[in-house]
2 protein chains.
Amino acid sequence: MALEHAILGFLDYAPMSGYDLKKTFDESVRHFWTAQQSQIYRTLKRMQQDGWVRIEVVKQDDRPDRKVYHITPTGRQELERWLAAPAGPELFRSEWLVKVFFASRLGDSEIHAMFRERADTLRAKFAHLQDATQGALDEGAAKCGEPRDCALWQLTLEYGIAYYRWELEWMEQAMERLARLPPGADRAGNGENAENGGNG
Amino acid sequence: MALEHAILGFLDYAPMSGYDLKKTFDESVRHFWTAQQSQIYRTLKRMQQDGWVRIEVVKQDDRPDRKVYHITPTGRQELERWLAAPAGPELFRSEWLVKVFFASRLGDSEIHAMFRERADTLRAKFAHLQDATQGALDEGAAKCGEPRDCALWQLTLEYGIAYYRWELEWMEQAMERLARLPPGADRAGNGENAENGGNG
DNA sequence: CAGATCATGTAACCTGTTACATGATTTC
DNA sequence: GAAATCATGTAACAGGTTACATGATCTG
């Protein structure tokens, strides 16, 4: 499981609260690893029990106290062990592709709409990555100033950017091919395909 | 949730047992939607309670009885409703990218090994998709013979193939860039980076 | 005065994974 | 004789999502 190790990685740069961690996740690795706030708190609890982190309570007068988590030597050791171990399989799940797979009973116009909607979503995510995430990484880089870190952060960001660029290109190609999609045979309860010539 | 709808989609082509469904998933949509055997049985149970499928028990002398699941009119209606609705967000999680993000404390040689290992994994998955999945889809196409279905199945397969092709290209580019990775500053407990020039 | 931000979490639920249980037949 | 295939599942656990709970300050 990578969540606890990603947390170790971030805490190794700087001690943080659970709240800070959530923001950090969303600003840096969101496009390949997400974490819910509740998940982060639950995991920090376990990590503290395992001795990977220790808590420093920082009192504040006006706001609720902060619990600042620090990585421990044991935690740092675990981070290094994990880094050197082979990575687990990646997870990809696309409801959109499942719909494309079973889309034959839809009419051509509906299928086209499906693709256009998907392209819009991709463009929005692409823009967010280029603007928000790039901005946040630049800020982080300016603060920490370690060129080796920056280069690797930038590499994972560019993976995302290149991915969306590729997928948008693929969408265009696919939509051209859709124009030559064979018409469907009649199915009970679906008059949608009549416009495409029917089966006859 | 797409699992129950993917099941509806498959049962709409032909009635099947839970065991058959698992094989069908693995041979066709595995690269964008996986399902465990136990998950399929659990979901079929719920779908039967909801009236989306009905069970036909087929007795066999030599082997255990088969439970063949048929889609019901209610199920077919639900399938159509789902198909026309907008798709939920896709899910992507890559432990490998998390490791790249935090890899700066590793030495250059270890980082290179990480990339080479990843490329090997990608090549293996790519080969499986081209051979096994393409073979299974061709068989399915030969059996059902609906060109509209085939064209869409093929499209989702080619998405996978194009994806791996893109990712392997990206890996090559990234490895070239890695050759110019800035050296790391010394960190406590890690002598690994000394070979790269240290922080003078 | 409403909504965002800061800051903590818990509870319930759903999904996904792994292991276990059974037992016959077919293949190496 | 061992392992794979056919065929059904259950149980326990891990991981991820959503909703709820609290309460201050800051911004529009």
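The basis for the numbers below is simple: all heavy atoms, side chains too, and nothing from hydrogens, waters or symmetry mates. Letters A, B, ... mirror the listed sequences (proteins, then strands); counts begin at 1.
By the 4.0 Å N-to-carboxylate-O rule, A:R148 lies close enough to B:D108 to be salt-bridged with it.
For residues 46-56 of chain A, the pairs satisfying salt bridge (Lys or Arg N to Asp or Glu O under 4.0 Å) are A:E4-A:R46, with sequence neighbours left out. The ring-ring contact (aromatic ring centres under 6.0 Å, His included) pairs that include a residue from residues 63-93 of chain B are B:H5-B:W82, where partners are two or more places apart or lie in different chains. Counting only residues at least two apart or on different chains, no ring-ring contact (aromatic ring centres under 6.0 Å, His included) pair has a member in residues 30-50 of chain A. Within the structure, every pair that satisfies the salt bridge (Lys or Arg N to Asp or Glu O under 4.0 Å) test and touches residues 21-39 of chain A, not counting sequence neighbours, is listed here: A:K22-A:D26. Applying the ring-ring contact (aromatic ring centres under 6.0 Å, His included) definition to pairs two or more places apart or across chains, those involving residues 116-159 of chain B are A:F101-B:W153, A:W166-B:Y159, A:W170-B:Y159, B:Y13-B:W153.
For the salt bridge (Lys or Arg N to Asp or Glu O under 4.0 Å) test, no residue two or more places apart in sequence or in another chain qualifies with A:R180. Shown here are the salt bridge (Lys or Arg N to Asp or Glu O under 4.0 Å) partners of B:R177, two or more places apart in sequence or in another chain: A:E158. For A:E90, the salt bridge (Lys or Arg N to Asp or Glu O under 4.0 Å) partners at least two apart in sequence or on another chain are B:R118. Judged as a salt bridge (Lys or Arg N to Asp or Glu O under 4.0 Å), and not counting sequence neighbours, the contacts of A:R123 are A:D120.
Rounded to an integer number of Å, the gap from CH2 of A:W33 to P of D:dT17 is 11 Å. We find that CZ of A:F25 is positioned 13 Å from C1' of D:dG16, with the value rounded to whole Å. The nearest whole Å value for the distance from the CD atom in B:E4 to the P atom in C:dG16 is 10 Å. Atom CG in B:D65 sits about 15 Å away from atom P in C:dG23, given to the nearest Å. We find that CZ of A:R42 is positioned 12 Å from C1' of C:dG9, with the value rounded to whole Å. Summarising the geometry, the separation between CD1 on A:I7 and P on D:dG15 is reported as 12 Å, rounded to the nearest angstrom. In this structure, B:R66 places its CZ atom 10 Å from P of D:dC6, rounding to the nearest Å. For the pair B:Y41 OH and D:dG9 C1', the interatomic distance rounds to 7 Å; values are reported in whole Å.
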Side chain to side chain contact (heavy atoms under 4.5 Å, CB included) assessment of B:V58 paired with B:K67: CA-CA 6 Å; B:V58 179; B:K67 287 192 186 173; over 6 Å; no

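In terms of position on DNA chain D, the residue among B:S17 and B:L91 whose nearest nucleotide sits closer to the 5' end is B:S17.
One donor-acceptor pair, N or O on each side, does fall under 3.5 Å between the base of D:dT18 and the side chain of A:S38. Within 3.5 Å, no donor on the side chain of B:R93 pairs with an acceptor on the base of D:dG16, nor the reverse.
Note that the two end axes of the helix from C:dC1-D:dG28 to C:dC28-D:dG1 enclose an angle of 40°, each drawn from 5 base pairs, rounded to 10 degrees.
At the phosphate of D:dT17, OP1 or OP2 sits under 4.0 Å from a side-chain N or O atom of A:Q36. B:Q39 has no side-chain polar atom (N or O) that falls below the 4.0 Å cut-off from OP1 or OP2 of C:dT15.
In summary, of the residues considered (B:L79, B:T24, B:T43), a side-chain contact (heavy atoms from CB on, under 4.5 Å) with B:I7 occurs for B:T43 alone.
Across residues 44-59 of chain A, A:R46 each have a non-hydrogen atom less than 4.0 Å from an atom of DNA chain D (numbered order).
For B:K67, whose side chain is taken as the heavy atoms from C-beta onward, the closest listed nucleotide among D:dG16, C:dA7, D:dG9 is D:dG9.
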For nucleotides 3-5 of chain D, which of its nitrogen or oxygen atoms have a protein nitrogen or oxygen under 3.5 Å away, and what is each distance?
none

